[in-house]
Protein chains: 2
Amino acid sequence: MSRKVLVVDDEPALARALAINLRAHGWEVVTAADGRSALDAAATTHPDVVVLDLGLPDMDGTEVLAGLRGWTKVPIVVLSARQHGEDKVEALDLGADDYVTKPFAMNELMARLRAAVRRGEEAEPALVDVEVGSLVIDLARKRVTRAGVDVRLTPTEWSFLELLARNLGRLVTREQLLREVWGPAHVGESHYLRVYAAQLRRKLEDDPAHPRHLITSPGLGYTLEA
Amino acid sequence: MSRKVLVVDDEPALARALAINLRAHGWEVVTAADGRSALDAAATTHPDVVVLDLGLPDMDGTEVLAGLRGWTKVPIVVLSARQHGEDKVEALDLGADDYVTKPFAMNELMARLRAAVRRGEEAEPALVDVEVGSLVIDLARKRVTRAGVDVRLTPTEWSFLELLARNLGRLVTREQLLREVWGPAHVGESHYLRVYAAQLRRKLEDDPAHPRHLITSPGLGYTLEA
DNA sequence: AGGGTCCTTGACGGGTCCTTGACGGGTGAC
DNA sequence: GTCACCCGTCAAGGACCCGTCAAGGACCCT
């Protein structure tokens, strides 16, 4: 579930109020107080949506807008005190997804953010296929093919493999596996991991006794290697 | 390239004013004065964007919104006299792309339409007919034919099938099915799924005992396969 | 009120999957 | 060399899930 929002506003009071409300609604919040740090933050944190106040100290808000649109299609909701005028038109034509005038109702802003994120997800479906050797892991369809033929996985096997695939090349600790696949109550019962790692190797590896993709890190966890 | 806009408004004066202004800006305009003709017009003319007034004579504007969102992702800009209240939130959560309160500046509406169309272009084309083997699922008219003949579906059966059709080839989880067809309160009662999957197979599959389209993923959910 | 449709709920057989235990091999510590 | 620990393997029982049939009852239309 992706829901990180970048709030760009130079008024500390408003920025803080926004952050508190957003966090209360389950958002992860990153804030920036000027244009330069906004562009930096967007580049480094990859938010799912941006709330951008046009009145910034260091550069015109429209410049920030143009700067963002230069490289990303992340939804941008513009916030402005200017009720009338060409600002709205200009902002929307520059690529803003929505325009809210201050003062605004918090629940309206929330709804507009949800709408913006929803559109953003439709436009660019996240990570879909993970390829590992002759394996293709289709995260959207929850299916695996090996050299083109379907491999039948049980729900637990899939859950296990999915977590590894989403962390391709990175070590996934035993604790993380147990927590996400079996639930927090089963952390410590690492026998599960051995059984299911073996089952997956039997289904996915050319030589299950000498795995090349599903690698064990003794005492630590497992890694899916490309 | 002339863009087509569907204007849904029951006030002739406003509708005419909108049409004139839009045509002056190079739009091709189709108008509808009530909800039913709006849905028909959307299905037959495939507009690039819809301007929808919430105050309609025959049905609630939100119903029209939901009716459109059932089968198309065409951008919808909602027009309303109601300045405040939950209407905005409701409309946006139902899938509206933007919300403009009357009175509004014509150039602002133009800008919002441009923005909406621009986003709509990035999204995938609207899904109207889904073809699966000898089945044709008409999402706009909520009908199914099998080898050309109509298949009678109950409302719940349709709702079940529609969700699968909109995610053709993708696994729809049990939770998602239960939430969207029976409501969030019934998540967990997967017995429903078995009953309705069997009913649909009896109506849609050549050999209900060996389904080729409505596929079960044990423990996960169902997929509609082409 | 009556008939019909549709949703809900129960029971049951068959099959799959999860859990659990036991065992052997490899490795490092002492 | 022995011990402890962790990993991988195999097998079996029981729990869970799926598909199916059918009946009760709510709801709607006439």
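Lettering of chains follows the sequences in order, A, B, ..., and the numbering in each one begins at 1.
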Quiz item: Distance-only, no hydrogens or angles: does the B:S159 side chain make a donor-acceptor pair with backbone N or O of B:P155 under 3.5 Å?
Solution: no
Quiz prompt | Donor-acceptor contact present, side-chain A:Q199 to main-chain A:Y196, <3.5 Å | solution =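 Flag not set: sc A:Q199 to bb A:Y196 has no pair under 3.5 Å.
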Self-check item: Atom-pair distance (CD on B:E157; P on C:dT5), nearest Å
Solution: 13 Å
Self-check item: Trace of the side chain to side chain contact (heavy atoms under 4.5 Å, CB included) decision for B:V172 with B:E180
Solution: CA-CA 11 Å; B:V172 182; B:E180 304 222 358; over 6 Å; no
Contact check, side chains of [X] and [Y], non-hydrogen atoms, under 4.5 Å:
| X | Y | result |
| --- | --- | --- |
| A:V51 | A:L6 | no |
| A:E162 | A:L139 | yes |
| A:V151 | A:L204 | yes |

Self-check item: side chain to side chain contact (heavy atoms under 4.5 Å, CB included) assessment of A:Y192 paired with A:H186
Solution: CA-CA 9 Å; A:Y192 285 153; A:H186 295 79; 3.9 Å; yes
Practice problem: Ignoring backbone atoms, establish whether B:Y196 has a side-chain N or O less than 4.0 Å from OP1 or OP2 of C:dC7. | Solution: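 Yes, within the criterion.
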Quiz item: Within the pair A:T156 and C:dC17, is there a side-chain N or O less than 4.0 Å away from OP1 or OP2?
Solution: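 For C:dC17, OP1/OP2 do not have a side-chain N/O of A:T156 under 4.0 Å.
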Quiz prompt | Protein-to-nucleotide contact annotation, 5' to 3' order, nucleotides 10-30 of chain D [B base; S sugar-phosphate only; - none; under 4.0 Å, heavy atom] | solution = -------SBBBS---------
Quiz item: Can you find a side-chain donor-acceptor pair between A:D40 and A:S37 that sits under 3.5 Å?
Solution: no
Quiz prompt | Between A:S217 and A:Y222, a side-chain donor and acceptor under 3.5 Å | solution =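 Their side chains do not contain a donor-acceptor pair, so the 3.5 Å distance test is not met.
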Practice problem: Count the heavy atoms of every other residue, nucleotide or ligand shown that sit under 6.0 Å from CZ of B:R69, and state whether that count exceeds 12. | Solution: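 Count over threshold, so yes.
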Self-check item: Residues in contact with DNA chain D, drawn from residues 175-183 of chain A - heavy-atom cutoff 4.0 Å
Solution: none
Quiz item: Where are the stems of DNA chain C, defined as at least 3 consecutive Watson-Crick or wobble G-U pairs with both distances under 3.5 Å?
Solution: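 As far as DNA chain C goes, consecutive pairing (with distances under 3.5 Å) yields the stems C:1-30 with D:1-30.
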Quiz item: Starting at the 5' end of DNA chain C and moving along, which residue's nearest nucleotide shows up first, A:R152 or A:E189?
Solution: A:R152
